[in-house]
Number of protein chains: 2
Amino acid sequence: MQRIINDPDMVVEDMLKGFVKTHNDLVTTTENSRVIKYKNAPVKGKVGVVTGGGSGHKPAFIGYVGKNMVDAAAVGEIFSSPTAKAFYDAFKEADSGEGVACLYGNYAGDNMNVKIAIKMAQKDGITVKTVVANDDVASSPKDEVEKRRGVAGEILMWKVGGAKAAKGGDLDEVIAAAQKAIDNTRSVGIGLTPCTIPAVGKPNFEIEKGKMEVGIGHHGEPGIFVSELKTAKEMAKIMCDTIIPDLPFGYEDEVVVVLSGLGATPVMELYILYDDIENILKENNIRVYRSYVGNYFTSLEMMGATLTMMKLDDELKELIDEEVNTMGLKQFKE
Amino acid sequence: MQRIINDPDMVVEDMLKGFVKTHNDLVTTTENSRVIKYKNAPVKGKVGVVTGGGSGHKPAFIGYVGKNMVDAAAVGEIFSSPTAKAFYDAFKEADSGEGVACLYGNYAGDNMNVKIAIKMAQKDGITVKTVVANDDVASSPKDEVEKRRGVAGEILMWKVGGAKAAKGGDLDEVIAAAQKAIDNTRSVGIGLTPCTIPAVGKPNFEIEKGKMEVGIGHHGEPGIFVSELKTAKEMAKIMCDTIIPDLPFGYEDEVVVVLSGLGATPVMELYILYDDIENILKENNIRVYRSYVGNYFTSLEMMGATLTMMKLDDELKELIDEEVNTMGLKQFKE
């Protein structure tokens, strides 16, 4: 393991210390060392937005805590769910009395812990409603979308839900906007190398050299198929062919595209892939309203990329355009 | 090579297409396919800021083209200098009649091509003055600072020079500010893995597993020493011990810190390293005014990090605080 760490069992604690020091203009620690909050949270009169998930996906999840996005995030160990207590404490940090929208990804541990946390919060009189991201097309067939996992589409869910809350939406409106965002979003990933959890010390899955795995999950969950490593253009076609018919995205639709690296793929290669993707979208008369290309949702030092697309309507456009200031996403009106 | 590319010989062309499509709110192509400019350049009444360098260092160099930073960048092949013609065309794209500050890194090819380009520009009546970044402490002893290479300190030079130009500084004032920035800046890198130029297909240098190379350059130039892979805390100490005495940074100095990953090191690990670095600075009564932690100046898929520190005065603080909007650096006043 060629790693810059101290104790492999303490990487999350050690990372959080550096993260908060670097971004002290945006975030602060809380009494629970596994909850990071926006420095101005709870924001008076605003619905609180909470997320949480395993570590190792930087900027997700804590990198999206800040102005007009996530108010508090529960932090799990590498690739594992935060505790119910962490979600509960995040709800408390985010709630200004207007209720909390918990916007998270569809994984067994997160589902269970969020459920428990909501019951704990109810006793305190905090109303929590949820949206569960399930944008990963490769993780289950279309007739079982409720079984699909959440991946980089979560970023658009947080962006939209956070903007709706910032604009004064009530809890039901924030939930409705975030739900619409994820319902309109599809993602697929391609993995080129595995990654190694520091405390384990070796990859918990393999991708042979010269091969790639289409549909791989953010934790190495098996994909749809393994093939010879293809060109960027061929990868773009496979990705588009997987997600375009699934929603489906169609003629003259306007979309937001997120093309995220998985950690170790040079950003140069993401731009190469993005060019091929935008060409295919153009051929399909799908118009890119805005694109984000970079390391937005990663898996440690995995090589590869995820393509995420969200179909827009007027409300989603307005919410995507809203200002945001977080470590992972900065967007300001000039 | 687990790569997302099409033709290995065309990675720069293919990358530029995707880059410009993604960031069309900030940059545009020019008649020279190897020159990218800020969409509003030349900015009337403002000194033009130009840089350039080899590709593979994303966000550097084109990622810093935008508002209040770089007006035009000349783009080279992977790890090699742009042509003199590209620098010359970048000067023309950036010049509004107020002259051009060419702020670049100290490499033989860049020095030669900038020199030729300046002569070409003189014939057109364009005044170009230069600052040559030499922040890499490991690349030459202190009594030969003029031989040192430029590394991630260039970002601070562009930030400061770009802000001075945006605030209405004339060419000599922009040059003086950028020169002060780099004179007050020191960097050192530690490499954990080599990287592979796509067109070559195999690493052009080696770092054994379990080892690290202190002082390695951005293209694998040999460092000061190779050692067993150490903990983040030990790496932080080596880095600080290398750059603090060199300037020297001293008691009650205020500094900007850039801790950049080299490409494939997970950002999580950069925060772990940053925490240890800030602890050492605190012990030395050096105060961090602002820190940037992330992939700011990379070398393809190399693992490792560079630490850069700039000592501040009132002018540098004001210029560092100025708004900026580029792909690589976004900073807005709220």
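A, B, ... follow the sequence lines: proteins, then strands. Residue 1 opens every chain.
- Using modelled atom types and a 3.5 Å distance limit, the side chains of A:Lys21 and B:Asn279 yield a donor-acceptor pair.
- Interatomic distance, CG of B:Asp7 versus NZ of A:Lys233, reported as 12.0 Å (0.5 Å rounding).
- In this structure, chain A has a heavy atom under 4.5 Å from the side chain of B:Lys58, while its backbone stays farther away.
- Contacts with chain A were tallied for B:Thr298, B:Val12, B:Val257, B:Asp14; B:Asp14 has the most, counting heavy-atom pairs under 4.5 Å.
- If you measure heavy-atom distances from A:Leu259 to chain B, you find no contacts under 4.5 Å at all.
- Here CG of B:Asn325 is found 10.0 Å from CD of A:Gln331. Values are rounded to the nearest 0.5 Å.
- For chain B, the nearby part of A:Asp276 is the side chain; its heavy atoms alone come within less than 4.5 Å.
- Residues A:Gln2 and B:Lys211 come closest through the heavy atom pair NE2-O, 3.1 Å.
- Neither the backbone nor the side chain of A:Pro59 comes within contact range of chain B; no heavy atom of the residue lies under 4.5 Å from a heavy atom of that chain.
- Here the CD1-CE distance, from A:Ile5 to B:Met235, works out to 9.0 Å after rounding to the nearest 0.5 Å.
- Heavy-atom distances place no part of A:Met212 under 4.5 Å from chain B, backbone and side chain included.
- Between B:Leu229 and A:Arg3, the shortest heavy-atom distance links the atoms CD2-N, 3.9 Å.
- Considering CG of A:Asn6 and NZ of B:Lys230, their distance stands at 13.0 Å, rounded to 0.5 Å.
- For B:Met302, no part lies near chain A; criterion is any non-hydrogen pair under 4.5 Å.
- When ring centroids are compared, B:His23 and A:Tyr271 come within the 6.0 Å threshold.
- No other option in A:Lys330, A:Lys17, A:His57, A:Met10 has as many heavy-atom pairs under 4.5 Å with chain B as A:Lys17.
- Distance check: A:Asp275 CG to B:Glu13 CD gives 11.5 Å after rounding to the nearest 0.5 Å.
- With a 4.5 angstrom heavy-atom cutoff, B:Met268 touches chain A via backbone and side-chain atoms both.
- Taking a 6.0 Å sphere around CD of A:Glu206, one finds it holds more than 12 heavy atoms contributed by other residues, nucleotides or ligands.
- Of all non-hydrogen atoms in B:Ile272 and A:Met15, the two that sit nearest each other are CG1-N, 3.5 Å.
- The environment of NZ in A:Lys317 is crowded: more than 12 heavy-atom neighbours from other residues, nucleotides or ligands sit within 6.0 Å.
- In terms of heavy-atom proximity, B:Thr265 sits nearest to A:Ile4 at CG2-CD1, 4.0 Å.
- Using a 4.5 Å cut-off between heavy atoms, B:Ile78 touches chain A through its side chain atoms alone.
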Between A:Asn295 and B:Val267, is the side chain to side chain contact (heavy atoms under 4.5 Å, CB included) condition met? List the steps.
CA-CA 10 Å; A:Asn295 285 305; B:Val267 176; over 6 Å; no
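- Between the OG1 atom in A:Thr22 and the CZ atom in B:Arg290 there is a gap of 12.5 Å [rounded to 0.5 Å].
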